[in-house]
A.B. asks: 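One structure, as structure tokens, below. Some questions next.
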Amino acid sequence: MRIFALGRKVIDGWALMGGLVLAVIVLVNVWTTVGSLIGLPFAGDVELTEMMVAAAAFMFLPFCQLHRHNVTADIFTSNMNPRFVSLLNGIASLVALGFAALLLWRMTYGMLDTKEYNYSSTILSVPLWWPYVPILVSLALLFIAAVITTAEDLFGAS
Amino acid sequence: AQDYSLKLHHFLSERSPAHQQMLVPWAERVEELTEGRVDIEVYPSMTLGGRPPELVQQARDGVVDLIWTLNGYTPGLFPRTEVFELPTVFVNDPTAANLAMREMFDEYLAEEYKGLQVMFLQAHAGNALHMVDADLRSPADLEGLKLRTPSRTGAWVIEALGASPVAMPVPELPQALSKKVVEGALIPWEIIPALQLQEQTDYQIEGPDMSRFGTSIFQVSMNKDVWESLPADIQDAFLQASNEEWLTEVGGIWRGADDFGINMATEAGNTHVVLSDDEYAAFEGPMNGVVDRWIEEANGAGLDGNSLVEAARAAIASHAE
Amino acid sequence: MEPITLGLIGLAVLIGLIALRMPIAYSMIIVGAVGTVSISGYKILFSQLKTLGYGQFSIYDLTVVPMFVLMGALATKTGLSRDLFRAANAWFGWMRGGTAMAAIAACAGFGAVCGSSLATASTMGKVALPELERYNYSPALATGSVAAGGVLGILIPPSVILVIYAVLVEANIVTMFMAALIPGLLAVALFIATIAIYVRLVPGSGPAHGASDKAEFWAATRGVIPVLVVFGIVIGGIYAGLYNPTPAAAIGVFAVFVYGLIRKQMNFETMAASIKETAGTTGMIYLILLGAELLKIFMSRAGVPQAAADIAVNSGLSPMMIMMILLLALVLLGCLMDSMSMILLVLPFFWPVLVAMNGGDYQMAEGSGYGMSTLDLKVWFGILALVVVELGLITPPVGMNVFVISAMAKNVPMLTTFKGVMPFFASELVRVALLIAFPALTLGLPALLGN
Ligand code: NA
Ligand code: NA
């Protein structure tokens, strides 16, 4: 389906953007280390790294679901009827779908609390609801990825 | 039989002085005062899940009933209480700070603890300097050195003294000190035994009469709904278990843990430097600058920074020995 | 219900779900979430989910994981693996079984810049398998040595699993990386010895070929310099205490990237492929991490870890027996789960048991259950557990390294590969016995470098 093709593109692109976030983390840490060795230390690297890795890791989840990187033990089912195996895979995709919806709902409240109570980072006072924005987008995309894999597993859509 | 079974969640190990000497005894006080109708189970080391910064939220949401946490884990949440962390506001007396926070609580602090019923606030004995090999006597000796910061205001103190604050998780500190990734740390003596800091540092430095460079504030808080569901006599028991006499005892517990730490360092051959009045005076100028910076920021956030500082200083003075 | 009963039911459901192809992460999430709700109600779970994900994904000590994964992914694209193999083959190739030994040595070299077994097995497989075939090595020895060599990816630091272990038991990552080095080199030595014995017992399985000439020998040997430089910068820098693991890993990523640029191997395609590889692995690891935390919440609320420790202490079994039982349990679980999931799943239960058997968190060597301080026990058990869970990568039924190599060597039946790794499995058992008998193999280097 065309709409699925678009979904796949967006999810892959989102993972690449997560890779860019990682690249920024690399640069921040290299810069901090070199700066520290030449007498120009920067104290915000720990909190920036934490925030950005959290965002990047969430940004990778839809990609992981779409390309089925989540480890399964398939030894017990490898000799079963392929249609039964597809059904099992479909159930797993539905679980991912439910999980994405639940977490999207709960973490939206997480972001609102974080904003309302003014959670912020220690040294740079960066508001901690900022990383929640890409995280919530990631969870919405995880939901879409799970819709796509469910359709593949249960209805053979591609 | 127990009518109320409550969970108290915190981030330190069950072997820490905070757990053994303060939290468990406090829970026992409550249990005794309620003649066993309340049972408090203390869960150390984040065993009920999550990371230390989530503790406040866990208490607000009722994930757990009670928490003990460091206010500094959630910077931005308790801007008023932060005044008690400041150097020259907190001087040398955790008991006085504990009592002062109690005195000021209703009028000045309560509104930032929404969703929580604070049992008590407490300070540790105060941040001091642990140096690998710098036997320093003046802020000039700190120029250009890197120090591990304990908190937001701690970072300001380090900056004001001419050094650079470095943030790092506590468990990495011994390694960082031994390889001089940082030349020192600003933390209380009480941490020495847990991290074996006497092995990585040679000098422990504080001001005259145990004067320190600021402190950190901790809270024991209960979920507000749980609190309101308790009958008046049980609530009274909690208030009595956390009364001024208890706050004084808590001050003593933290002073004791701090003394234990510095003794361990000196017995290992470390030098315990107590700055003279004159030497310490040179630190006070920069530290007053930290207070000014804090007032400015507080005013910017719509608080009355000046009156908070004045009230805190006055309250601490009135409770000092 | 008794805590242990609840815990066992949870474990049974978990295994059932995993057997029914539920991803391991989601199996943990389901059991943890449903279990927590059944004990404490849904409100607590829903409230905790508001911030639990962010909290787990932002753990500073874990930030090295995506870095090391990215470093390994970039390294596979730079031609490092080919250079390593060429050098090793110049050193060993003239001996009987020498090219297989070269594959092992090259795996060890690649493991020094890569934190994962699968990446090491697949990268070195691509390079070494065609060469082993060209020199007429027996399919069993060829595939077996690359599949076994892959585990060196995790045994030689850096090692992603070791990072996870350190975070779980609050050990120092640097100490763990120091402790892993000698056992890792021991594995290399034993694997090479295994090949030497094998080619004598099975004549014709690993023919020797002519020694390379002097010029080729030195040209090939120069190929290891980049790996030595990266390993020196990253692990050397960590050992020397120049910087902490996260900045070290970042510098490693940067160094490998620059090397790739110099070798003209970095373009949009290779970078996008590296990021996608990193995305797949990192996403998988972090989701398992979240699942394991939910499972921990359920088990803690049920009181399982404490109950398990009490049972162990009151069982009358000796500390060493308990250790053996736990290690055996890891081997058995290895039939079902990947090593990461296993470590995350069992440590919250195994570690309190060991601490209790040793005499508590602050136990010193004197009078302890294992003859060492609990601090040392943390390090020693971590390495033992690492070795044992990695055995699962080369044993049936789920042997991920074997699967990866089988997929690459299309003309070799998987059974042949499993047979091929058996001698290496035996040498791993020898190594486990050595590490148990001589804790100094593990604890010596951290003690030496530590102060
Ligand atoms: Na490695
Ligand atoms: Na296996």
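Residue numbers begin at 1 in each chain, while the letters A, B, ... track the order of the sequences.
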A.B. asks: Any chance OH of C:Tyr239 has more than 12 other-residue heavy atoms, nucleotides or ligands included, within less than 6.0 Å?
C.D. replies: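 Above 12, so yes.
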A.B. asks: At a heavy-atom distance under 4.5 Å, which candidate from C:Gly280, C:Gly283, C:Ser341 has the highest pair count against chain A?
C.D. replies: C:Gly280
A.B. asks: Within residues 54-66 of chain C, which positions have a heavy-atom distance to chain A below 4.5 Å?
C.D. replies: C:Tyr54, C:Phe57, C:Ser58, C:Tyr60, C:Thr63, C:Pro66
A.B. asks: Below 4.5 Å from any heavy atom of chain A, which atoms of C:Ile30 appear? Answer side chain, backbone, both or neither.
C.D. replies: side chain
A.B. asks: Between C:Ile251 and A:Asn29, is any pair of side-chain heavy atoms under 4.5 Å apart?
C.D. replies: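 No; the side chains remain at least 4.5 Å from each other.
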A.B. asks: With rounding to the nearest 0.5 Å, note down the distance linking CE in C:Met67 to CG in A:Leu22.
C.D. replies: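 If I round to the nearest 0.5 Å, the distance is 5.5 Å.
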A.B. asks: Distance check, rounded to the nearest 0.5 Å: C:Ile285 atom CD1 versus A:His69 atom NE2?
C.D. replies: 12.0 Å
A.B. asks: Sort out for me which of C:Ala25, C:Pro247, C:Gly53 touches chain A most, counting heavy-atom pairs under 4.5 Å.
C.D. replies: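 Heavy-atom pairs under 4.5 Å are most numerous for C:Pro247.
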A.B. asks: With a sphere of 6.0 Å drawn around CE of C:Met271, does it hold more than 12 non-hydrogen atoms of other residues, nucleotides or ligands?
C.D. replies: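 Count over threshold, so yes.
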A.B. asks: Step through the shown structure and confirm whether more than 12 heavy atoms of other residues, nucleotides or ligands are within 6.0 Å of CD1 on A:Ile3.
C.D. replies: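 No, CD1 of A:Ile3 has 12 or fewer neighbouring heavy atoms, counting only those of other groups under 6.0 Å.
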A.B. asks: Could you walk me through whether C:Tyr286 and A:Val53 pass the side-chain contact (heavy atoms from CB on, under 4.5 Å) test, one step at a time?
C.D. replies: CA-CA 11 Å; C:Tyr286 274 72; A:Val53 166; 3.5 Å; yes
A.B. asks: Could you have a look at A:Asn89, A:Ile25, A:Thr32 and say which one has the most heavy-atom pairs with chain C under 4.5 angstrom?
C.D. replies: A:Asn89
A.B. asks: Where on A:Pro62 is there a heavy atom nearer than 4.5 Å to chain C: the side chain, the backbone, both, or neither?
C.D. replies: neither
A.B. asks: Rounded at 0.5 Å granularity, tell me how far OG1 in C:Thr282 sits from CG in A:Leu61.
C.D. replies: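 If we round to the nearest 0.5 Å, C:Thr282:OG1 and A:Leu61:CG are 10.0 Å apart.
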A.B. asks: In terms of heavy-atom proximity below 4.5 Å to chain A, should C:Ile29 be classed as side chain, backbone, both, or neither?
C.D. replies: side chain
A.B. asks: Please flag which part of C:Met22 lies under 4.5 Å from any non-hydrogen atom of chain A: side chain, backbone, both or neither.
C.D. replies: both
A.B. asks: Would you give the length of the straight line joining atom OG1 of C:Thr51 to atom CG of A:Leu128, rounded to the nearest 0.5 angstrom?
C.D. replies: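 Nearest 0.5 Å value for the OG1-CG distance: 11.0 Å.
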A.B. asks: For C:Pro23 versus A:Asn70, what's the shortest heavy-atom pair and its separation?
C.D. replies: CB-CB, 3.9 Å
A.B. asks: To check you understand the geometry: which heavy-atom pair defines the closest contact between A:Ala96 and C:Tyr26, and what is its length?
C.D. replies: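 Nearest pair, atom of A:Ala96 first, then C:Tyr26: CB-OH, 3.5 Å.
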A.B. asks: Nearest 0.5 Å, what's the CG-CG distance between C:Asn244 and A:Asp45?
C.D. replies: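 Separation between the atoms: 9.0 Å.
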A.B. asks: Among the options A:Asp113, A:Val30, A:Val95, A:Val71, pick out the one with the most heavy-atom pairs lying under 4.5 Å from chain C.
C.D. replies: A:Val71
A.B. asks: If I measure from the heavy atoms of chain C, does A:Leu27 come under 4.5 Å with its side chain, its backbone, both, or neither?
C.D. replies: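 Just its side chain gets close to chain C.
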A.B. asks: Under 4.5 Å, counting heavy-atom pairs only, tell me which of A:Gly18, A:Ala57, A:Ala56 racks up the most with chain C.
C.D. replies: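 Among the listed options, the one with the most contacts to chain C is A:Ala57.
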A.B. asks: Less than 4.5 Å to any heavy atom of chain C: does that hold for the side chain of A:Tyr132, its backbone, both, or neither?
C.D. replies: side chain
A.B. asks: Could you give the distance from CZ (C:Phe268) to CG (A:Leu16), rounded to the nearest 0.5 Å?
C.D. replies: 6.0 Å
A.B. asks: Count the heavy atoms belonging to other residues, nucleotides or ligands that lie under 6.0 Å from OH of A:Tyr109, then report whether that count exceeds 12.
C.D. replies: no
A.B. asks: Give me the atom names and distance for the closest heavy-atom approach of A:Cys64 to C:Ala279.
C.D. replies: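 Distance-wise, the nearest heavy atoms are SG-O, 4.1 Å.
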A.B. asks: Under a 4.5 Å cutoff for heavy-atom pairs, which residue among A:Val46, A:Leu102, A:Leu20 has the most contacts with chain C?
C.D. replies: A:Val46
A.B. asks: Pick from A:Ile135, A:Leu112, A:Val85: which one has the most heavy-atom pairs with chain C under 4.5 Å?
C.D. replies: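 Greatest number of close heavy-atom pairs with chain C: A:Val85.
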A.B. asks: Can you list the steps and then say if C:Leu49 with A:Met107 is a side-chain contact (heavy atoms from CB on, under 4.5 Å)?
C.D. replies: CA-CA 7 Å; C:Leu49 283 180; A:Met107 287 189 75; over 6 Å; no
A.B. asks: Among the options A:Ala54, A:Ala15, A:Ala23, A:Ser36, pick out the one with the most heavy-atom pairs lying under 4.5 Å from chain C.
C.D. replies: A:Ala54
A.B. asks: Under 4.5 Å from any heavy atom of chain C, what part of A:Gln65 do you find: side chain, backbone, both or neither?
C.D. replies: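 The answer is the side chain of A:Gln65.
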A.B. asks: So which part of C:Leu70 gets closer than 4.5 Å to some heavy atom of chain A, the side chain, the backbone, both or neither?
C.D. replies: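 Contact with chain A: side chain only.
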A.B. asks: Write down the atom of C:Arg21, the atom of A:Thr72, and the distance for their closest heavy-atom approach.
C.D. replies: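 Heavy atoms of C:Arg21 and A:Thr72 come nearest at O-CG2, 3.4 Å.
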A.B. asks: Heavy-atom distance under 4.5 Å between the side chains of C:Leu290 and A:Phe99, does that happen here?
C.D. replies: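 SC-SC contact between C:Leu290 and A:Phe99 confirmed.
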A.B. asks: Would you check if the side chain of A:Arg106 reaches a backbone N or O of C:Phe46 as a donor-acceptor pair within less than 3.5 Å?
C.D. replies: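 Yes; at least one donor-acceptor contact below 3.5 Å.
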